[in-house]
There are 2 protein chains.
Amino acid sequence: MQPDYHDETSSCLRASELLGRIANKWTLLIVRELGTGPKRFNLLRRDIGDISQKMLSSTLKSLERDGIVIRDVTPTMPPQVEYSLTALGRDMKAPVEALASWAIQNADTIDAARKRFDMHNHG
Amino acid sequence: MQPDYHDETSSCLRASELLGRIANKWTLLIVRELGTGPKRFNLLRRDIGDISQKMLSSTLKSLERDGIVIRDVTPTMPPQVEYSLTALGRDMKAPVEALASWAIQNADTIDAARKRFDMHNHG
DNA sequence: CTGAATCCCCACGGATACTG
DNA sequence: CAGTATCCGTGGGGATTCAG
């Protein structure tokens, strides 16, 4: 049924396509937050920090579509919606965390490199 | 010397900021390509596949600024420019590869999840 | 509380053409 | 070969408002 994604050429193309959707700031931050357990919308929003509600809801919808996140609605008043990782999402957690912690650990180094580069180019 | 990025609050903010620059399609694909060894501009372009020369050169410049990539010019005619990873870049290779191979390995699963999701919503 | 809808701006990113 | 410059459209993403 599906086109065969398993020859090397098209798998590379698909890798590039998938990375386009997966490898973005909000996706990684959300997966990272949900990696510590289920969270509700506004808590997620607060914990991520500087994400707008639009981006949070649209990114969550994409992640739900991709089978990475589960949306669990408790129809109370007011309604409660809890987001959590699927098995696929939990599987994604490790690589995401690896990249995130690399970024954190090397923040200073990168910052210094930037300053050096800008000094050369500016001054 | 440097401001202390090590308290939790600001390290999270910096993580988000850095991920915004690092976690994008082109950065990951380039680091991945260069992970196999130095490459010249057009070879890099061909191997990545669908990247425009504008995006390739601008992303390479950002990576050079961040101290992740080194640009090595051999002033011949025609000129040869070789790009390679710095120590920092090589250090980044593992997490990048982890995320990329996760994406490739789960391409089919994600695709199936999408189709299911779209069927529910469409039909 | 959890969003969807709307408006709007601008940066990402493609196409093309031109330099050294 | 290895870019830079320019034009230009699309969509990312913020602010605000409305709904369930």
Side-chain angles (χ1 to χ4, degrees), chain A residues 13 15-31 33-34 38-66 69-84 117 120-122, chain B residues 13 16-31 33-34 37-66 69-84 114 117-118 120-122:
Chain A
L13 290 179
S16 134
E17 176 197 333
L18 266 176
L19 283 179
R21 313 201 187 186
I22 285 173
N24 74 74
K25 184 181 178 180
W26 302 133
T27 294
L28 296 193
L29 287 174
I30 289 176
V31 169
E33 273 314 313
L34 289 182
K39 273 185 183 169
R40 292 173 51 189
F41 190 85
N42 277 337
L43 182 55
L44 205 46
R45 184 151 153 57
R46 240 174 303 132
D47 286 352
I48 290 181
D50 61 340
I51 189 173
S52 69
Q53 86 290 32
K54 177 186 179 179
M55 274 303 97
L56 181 55
S57 81
S58 74
T59 307
L60 281 171
K61 198 184 295 178
S62 291
L63 289 175
E64 191 194 359
R65 178 171 180 256
D66 288 347
V69 155
I70 285 186
R71 199 178 107 107
D72 213 347
V73 185
T74 308
T76 61
M77 190 57 184
Q80 296 206 355
V81 183
E82 210 175 52
Y83 293 92
S84 53
F117 186 90
H120 267 258
N121 210 328
H122 262 265
Chain B
L13 289 180
S16 136
E17 177 197 333
L18 268 176
L19 282 180
R21 314 201 186 188
I22 285 172
N24 73 75
K25 184 182 178 179
W26 302 133
T27 295
L28 296 193
L29 287 175
I30 289 176
V31 168
E33 271 318 310
L34 290 182
K39 273 187 181 167
R40 292 172 50 187
F41 190 84
N42 277 336
L43 183 56
L44 205 46
R45 183 152 153 58
R46 240 174 303 131
D47 286 352
I48 291 181
D50 61 340
I51 188 173
S52 69
Q53 84 290 35
K54 177 186 179 178
M55 273 303 97
L56 181 54
S57 82
S58 73
T59 307
L60 280 171
K61 200 183 295 177
S62 291
L63 289 174
E64 191 194 358
R65 177 171 180 256
D66 288 347
V69 155
I70 285 185
R71 198 178 108 109
D72 213 345
V73 184
T74 308
T76 61
M77 188 58 185
Q80 297 205 355
V81 184
E82 213 176 50
Y83 293 91
S84 53
R114 272 182 202 163
F117 187 90
D118 292 345
H120 267 259
N121 211 328
H122 262 264

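Below, read A as the first sequence line, B as the second, and so on, with proteins coming before strands; counting in each chain starts at 1.
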Examine [N]: is either OP1 or OP2 under 4.0 Å from a nitrogen or oxygen in the side chain of [X]? Give yes or no.
X	N	value
B/R40	D/dC1	no
B/S57	D/dT4	yes
B/Y83	D/dG3	yes

Contacts of [X] that satisfy side-chain contact (heavy atoms from CB on, under 4.5 Å) - sequence neighbours left out:
X	answer
A/K25	A/L29, A/D50, B/S16
B/S84	B/P38, B/I70
A/T27	A/N24, A/V31, A/T59, A/L63, A/M92
B/R71	B/E64, B/V73, B/V81, B/Y83

Test item: A/R46 and A/L43 side chains (from C-beta on) under 4.5 Å apart, heavy atoms: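 A/R46 reaches A/L43 side chain to side chain.
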A side-chain contact here means heavy atoms from C-beta on lying under 4.5 Å apart; do A/S57 and A/F41 qualify?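 Yes; the side chains approach each other to less than 4.5 Å.
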Measure the distance from [atom1] on [X] to [atom2] on [N] and round it to the nearest whole Å.
X	N	atom1	atom2	value
B/L56	D/dT4	CG	P	11 Å
B/Q80	D/dA2	CD	C1'	11 Å
B/L60	D/dG3	CG	P	8 Å
B/E64	D/dA2	CD	P	15 Å
B/E82	D/dA2	CD	C1'	13 Å
A/K39	C/dT2	NZ	C1'	17 Å
B/I48	D/dA2	CD1	P	13 Å
B/L44	D/dA2	CG	P	10 Å

Does A/R45 have any side chain to side chain donor-acceptor pair (under 3.5 Å) partners at least two apart in sequence or in another chain, and if so, which?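 Not a single residue meets the side chain to side chain donor-acceptor pair (under 3.5 Å) criterion with A/R45.
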Contacts of type side chain to side chain donor-acceptor pair (under 3.5 Å), residue A/D72, not counting sequence neighbours: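 Here no residue qualifies.
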At a cut-off of 3.5 Å, list every protein nitrogen or oxygen paired with a nitrogen or oxygen from nucleotides 12-15 of chain D, distance to 0.1 Å.
unit_1 : atom_1 : unit_2 : atom_2 : d
D/dG13 : N7     : A/K54  : NZ     : 2.9
D/dG13 : O6     : A/K54  : NZ     : 3.0
D/dG14 : OP2    : A/S52  : OG     : 2.8
D/dG14 : O6     : A/K54  : NZ     : 2.4

Tell me every residue that passes salt bridge (Lys or Arg N to Asp or Glu O under 4.0 Å) with B/R40, counting only those two or more places apart in sequence or in another chain.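 Here no residue qualifies.
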Pick out the pairs of N or O atoms, protein on one side and nucleotides 18-20 of chain D on the other, that lie under 3.5 Å.
none

